[in-house]
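These notes concern the structure reproduced below.
Along the sequence shown, residues are numbered consecutively beginning with 1. Bear in mind the structure is a predicted one, so any value in this text is a computation, not a measurement.
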Amino acid sequence: MNLLIVRNNSNSQAIDASLLLATYLGTQGIGYAIFDSSDLEGLDPNPLVSQQLARGVDLAVVLGGDGTILRTARAIGTSGVPILGINFGRLGFLANESDDGVVAIVAAALAGETVSERRSNLRVDIVCEGEVDPWASSDADGSFGISPHEKVSAWFDEEEDADAGLSAEDAPGHTFFALNEAAVTRGVNGRIIDFSLSISDVPIADMRGDGLVVATATGSTAYALSVGGPLVAPGFNGLIAVPIAPHSLRARAMLTSENDVVEMDLSQNAAGREATLFIDGDMAKLPSPIKHMYVRRGVEPTTLLRYKGENFYEYASSVFF
């Protein structure tokens, strides 16, 4: 048995809890490694965490709030390691209350006395200006031998790779994991951006505004909510696409099916209208302006463990209503 402990190192209570937990695990002969939340800042993987995961991790215990859980989920990615969050932050939508103490909560998880929630996450592929887009039309009449939606879907199915004509060289160079959302917003110059939105090859609208949020059900209570998106129960496996401050009276949030691909096309956005990508609130550093963003559901869900957790609707009612 081996545990990964991630603590919010700006919170003294979380640090104290990590030391108490380490003492308990030592008495039980359980291996562990402790990392500070600051070790997981940014979108680049921490090599020490990657090494720990490679050795084998049975459980990730997060001592902090939702932000620390999001960083941990990104570090874990699609490895399948369950996450037990214990709240030492503010809102704590993804975490368990710490009232019973970290030792009791972790002991319950190790004994299998928690409930697993399988949460959908996102795979976000970015194609920048000057880069080859493996999913763009190459035919003069604009038709596709295989559609972008089919290509993106085939990307995650090894049996279909040959039919889709995909190879390792076709892969976009900028792929990100998100548990909450991917957001493309106007850049530092503050000017609104022009983009088009398509879902599974069907053009939805040409828009001008502050950008677009594509969220999971987990992220529906975060950025997507603040820009007018719906509250969505955690079991929903589709995507939520919400325009940010669109210059229109008709733009609305859209919920997709679980196998849909959301595409944001910025190829017609003027050079002076910068667009910035944020993954779960962290800015992505890209070599050139964004041309296309493709978002779909990740192949492996993120598992969160609930200890005496409230019903989603009860929690949403107490927090938002």
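Listed here is the closest heavy atom pair of Ile86 and Val102: CD1-CG1, 4.0 Å. Between Ser18 and Ile5, the closest heavy-atom pair is CB-CG2, 4.5 Å. For Thr27 against Tyr24, the heavy-atom pair with the smallest separation is OG1-O, 2.5 Å. Nearest approach of Gln13 to Asn11, heavy atoms of both residues: N-OD1, 2.8 Å. Annotation for Thr216 and Ile240: closest pair O-CD1, 3.4 Å, computed over non-hydrogen atoms. Between Asn180 and Gly219, the closest heavy-atom pair is OD1-CA, 3.4 Å.
Looking at Asn269, its side chain does come within 3.5 Å of a backbone N or O of Arg273 through a donor-acceptor pair. Without hydrogens or angle criteria, Ser200 side chain to Val261 main chain gives a donor-acceptor distance under 3.5 Å. Although no hydrogens or angles enter the test, the distance criterion places a donor-acceptor pair under 3.5 Å between the side chain of Asn96 and the main chain of Leu305.
You'll find the side chain of Asp280 reaches within 4.5 Å of the side chain of Glu181, heavy atoms only. The shortest distance between side-chain heavy atoms of Met254 and Ile204 falls below 4.5 Å. With a 4.5 Å cut-off on side-chain heavy atoms, Asp39 and Leu48 do not count as touching. Contact of the Asp210 side chain with the Ile193 side chain is not registered, since no non-hydrogen atoms from C-beta on lie closer than 4.5 Å. Ile30 places a side-chain heavy atom less than 4.5 Å from the side chain of Leu110. No side-chain heavy atom of Ser220 sits under 4.5 Å from any side-chain heavy atom of Leu225. Side-chain contact between Leu40 and Val49 is present, with at least one heavy-atom pair separated by less than 4.5 Å. At a threshold of 4.5 Å between non-hydrogen side-chain atoms, the residues Asp125 and His174 do not count as touching.
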Audit row: Phe320, Phe93, ring pair (Phe, Tyr, Trp, His ring centres under 6.0 Å) steps and yes/no:
CA-CA 12 Å; Phe320 295 114; Phe93 239 128; 5.7 Å; yes
Verdict with reasoning, Met264 to His292, per side chain to side chain contact (heavy atoms under 4.5 Å, CB included)
CA-CA 6 Å; Met264 183 183 189; His292 286 99; over 6 Å; no
Dump the intermediate steps for side chain to side chain contact (heavy atoms under 4.5 Å, CB included) on Leu4 and Tyr32, then the final yes or no.
CA-CA 6 Å; Leu4 178 71; Tyr32 64 89; over 6 Å; no
Take Asp133 and Glu131, measure what side chain to side chain contact (heavy atoms under 4.5 Å, CB included) needs, and give me the verdict at the end.
CA-CA 6 Å; Asp133 186 343; Glu131 297 176 344; over 6 Å; no
For side chain to side chain contact (heavy atoms under 4.5 Å, CB included), just list the numbers for Val106 and Leu3, CA-CA rounded to whole Å, side-chain angles, deciding distance to a tenth of an Å, and then say yes or no.
CA-CA 10 Å; Val106 171; Leu3 270 61; 4.1 Å; yes
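Between Glu129 and Lys291 there is no salt bridge, since no side-chain nitrogen of the basic residue lies less than 4.0 Å from a carboxylate oxygen of the acidic one. One finds no salt bridge joining Arg297 and Asp260 here, because no Lys/Arg side-chain nitrogen approaches an Asp/Glu carboxylate oxygen to under 4.0 Å.
To the nearest 0.5 Å, the span separating OG on Ser267 from CD1 on Ile290 amounts to 12.5 Å.
Inspection of the Asn87 and Ser98 side chains reveals no N or O donor paired with an N or O acceptor under 3.5 Å. The closest side-chain donor-acceptor pair between Asp265 and Tyr294, if any, does not fall under 3.5 angstrom. With 3.5 Å as the limit, one finds a donor-acceptor pair spanning the side chains of Tyr307 and Asp100. Counted by atom type alone, Ser38 and Asp36 present zero donor-acceptor pairs between their side chains at under 3.5 Å.
Sequence neighbours left out, the pairs with a member in residues 45-73 that pass side-chain hydrogen bond (donor to acceptor under 3.5 Å, both in side chains) are Gln52-Arg55.
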